[in-house]
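Everything numeric here is computed off the predicted structure, so don't read it as measured data. The residues of the chain are indexed from 1 along the displayed sequence. Just follow the structure's listing: the first ligand is 1, and inside any ligand the first atom is 1.
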Amino acid sequence: MATIGFIGLGRMGRPMATNLQKKGFELVVYDIDPVGMRQLGELGAAEAASAADVARQSDIVFTMLPGSQEVEGAVLGKEGLIANGRAGLLIVDMSTVDPRTTDRIAQAARDAGMSVVDAPVGRLASHADRGESLFMVGGSADDFARVQPMLQAMGTTIHHCGDVGAGMRTKLVNNYLAVVSCQLNAEALALSQRFGLDLHKTLEVIHGTTATNGQLKIAWPAKVLAGDIEPGFTIDLAHKDLTLILTAANDQGVPMPVAAAAREAYSMARAAKWGRKDFSAMVDVLCDRANIDKPRL
Ligand code: NAD
């Protein structure tokens, strides 16, 4: 049986690795923070001492790290996967990163006789907990076939978007809409609160027209509108994604003025120390600023 490495056991990686372990895969895990490792260790996963240690023991390695810098370190560094893995190693990056990082690690892997699949994740952290994630996959047909059983253990919906890099680019398009929706919802509900409107009635009206969106309809009732602003997906990560989106858009000559404005709304939230809160809390940030009662169902 293939040994599966897993690096990055945070809000997303921990439940995803847990689902792999519980569904019978042989796992070796690593995180710079020992807490997640201990939890996986208790479930029977082997605990590695470093990314290099994971590489030496694995046939396929999944990474679920904060961003481009961490992924490049774990894959390309001296103590990383490519320098320490064997030929044929398959690296599956599920983090959200700059697509140029994906291109760089894919090229370095090819040069070493290894390969990369990008498989960024859609839906919420609560879906990851339940093994109901959605994957946007980029990679060759053979590599896609190799990773499919593991993705099926962590999710319910798997899209093969094209060659390596296509998953990450699809993810940026998707997250542009998801992250900007939060800022739009924040402004709309702050105005509704200031008007003194009934929140239930306002939402009922919005959900009956084309004004609604998935954040407002599905995500928010379980998070900020229920008074829960613990992540989930943090304002820091939403800001990171908008920065990736703007960088990619500028690089490709696509003007995205709304993305730029929304990114700076997230910058203001971070400056006011809301960065570690769930991104649905963008409405609380705005209400705080404008001295408006926070919307709660
Ligand atoms: P997180 O910050 O909770 O987890 C990241 C983990 O990586 C932490 O446990 C951290 O200790 C570990 N880490 C950092 N640097 C490391 C290194 N060099 N070596 C080993 N471990 C290291 O973040 P998260 O919410 O789990 O998100 C992970 C990725 O998934 C991000 O790219 C994010 O954009 C993406 N994502 C998150 C969500 C969500 O809802 N949280 C949804 C989809 C995609």
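- Ligand 1 is approached by P66 to a heavy-atom distance shorter than 4.0 Å.
- Here the rule is side chain to side chain contact (heavy atoms under 4.5 Å, CB included) with F6, and of M150, M16, M37 only M16 fits it.
- Between D284 and R296 there is a salt bridge, since a side-chain N of the basic residue sits under 4.0 Å from a carboxylate O of the acidic one.
- Contact annotation: for K171 versus ligand 1, heavy atoms closer than 4.0 Å belong to the side chain alone.
- For a threshold of 3.5 Å applied to N or O pairs, the pair formed by G67 and ligand 1 contains no separation below that value.
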> side chain to side chain donor-acceptor pair (under 3.5 Å) between S50 and R56: does it pass, once the steps are laid out?
Replying inline: CA-CA 10 Å; S50 63; R56 283 191 283 270; 4.5 Å; no
> Should D228 and K223 be marked as a salt bridge (charged side-chain N to carboxylate O under 4.0 Å, His left out) after you check the CA-CA gap, both sets of side-chain angles, and the distance that decides it?
Replying inline: CA-CA 5 Å; D228 175 9; K223 295 302 293 180; 3.1 Å; yes
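- For atom 3 (O) of ligand 1, the closest non-hydrogen atom of the protein is R11 N, 2.9 Å.
- Under 4.0 Å from ligand 1, the heavy atoms of L9 that appear belong solely to its backbone.
- Contact between G232 and ligand 1 is present, with at least one heavy atom of the residue lying under 4.0 Å from the ligand.
- Set against the non-hydrogen atoms of A125, the atoms of ligand 1 under 4.0 Å away are 40 (O).
- Nearest protein heavy-atom contact of atom 40 (O) of ligand 1 is F233 CB, 3.4 Å.
- Set against the non-hydrogen atoms of D33, the atoms of ligand 1 under 4.0 Å away are 11 (O).
- Near S95, the atoms of ligand 1 lying under 4.0 angstrom from a non-hydrogen atom of the residue are 32 (O).
- Under 4.0 angstrom from ligand 1, the non-hydrogen atoms of K240 all belong to its side chain.
- The closest protein non-hydrogen atom to atom 30 (O) of ligand 1 is M64 CE, 3.2 Å.
- Only the side chain of L237 comes within contact range of ligand 1, with a heavy atom under 4.0 Å; no backbone atom does.
- In terms of protein heavy-atom proximity, atom 20 (C) of ligand 1 is closest to I32 N, 3.6 Å.
- Remark: ligand 1 atoms within the under-4.0 Å shell around heavy atoms of G10 are 3 (O), 4 (O), 6 (C), 8 (C), 9 (O), 26 (O).
- Protein heavy atom in closest approach to atom 28 (C) of ligand 1: L65 O, 3.7 Å.
- Under the 30°/60° scheme for interplanar angles, the aromatic rings of H160 and F144 are found to lie parallel.
- Between the choices R14, E79, M12, the shortest heavy-atom distance to atom 26 (O) of ligand 1 belongs to M12.
- Listed by chain and number, the hydrophobic cluster partners of L124 come to none, as no ILVMFWY side chain reaches under 4.5 Å of it.
- With hydrogens and angles ignored, the 3.5 Å screen pairs no side-chain donor or acceptor of D118 with any backbone N or O of T102.
- Annotation: side chain of L90 is not in contact with side chain of V61 (no heavy-atom distance under 4.5 Å).
- Judged by distance alone, the side chain of D33 and the main-chain N or O of G8 form no donor-acceptor pair under 3.5 Å.
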>> I'd like to know whether D59 forms a salt bridge (charged side-chain N to carboxylate O under 4.0 Å, His left out) with R86, so could you lay out the CA-CA distance, the side-chain angles of the two residues, the decisive distance to 0.1 Å, and finally the verdict.
In response: CA-CA 8 Å; D59 304 292; R86 42 185 181 256; 3.2 Å; yes
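- A donor-acceptor contact shorter than 3.5 Å links the side chain of Q193 to the backbone of D293.
- Counting only distance, with no hydrogens or angles, the side chain of D251 and the backbone of T247 share no donor-acceptor pair below 3.5 Å.
- Taking distance alone, with nitrogen or oxygen atoms compared against 3.5 Å, T96 approaches ligand 1 more closely than that limit.
- Listed by number with element, the atoms of ligand 1 under 4.0 Å from a non-hydrogen atom of V121 are 43 (C), 44 (C).
- Under a 3.5 Å cut-off, the side chain of D198 and the backbone N or O of K201 do form a donor-acceptor pair.
- Short contacts between ligand 1 and I7, defined as distances under 4.0 Å to a heavy atom of the residue, involve ligand atoms 20 (C).
- Distances from atom 10 (C) of ligand 1 to the heavy atoms of L124, V71, L244, D31 show the closest one on D31.
- Within ligand 1, counting atoms from 1 as listed, the ones closer than 4.0 Å to a heavy atom of E70 are 15 (N).
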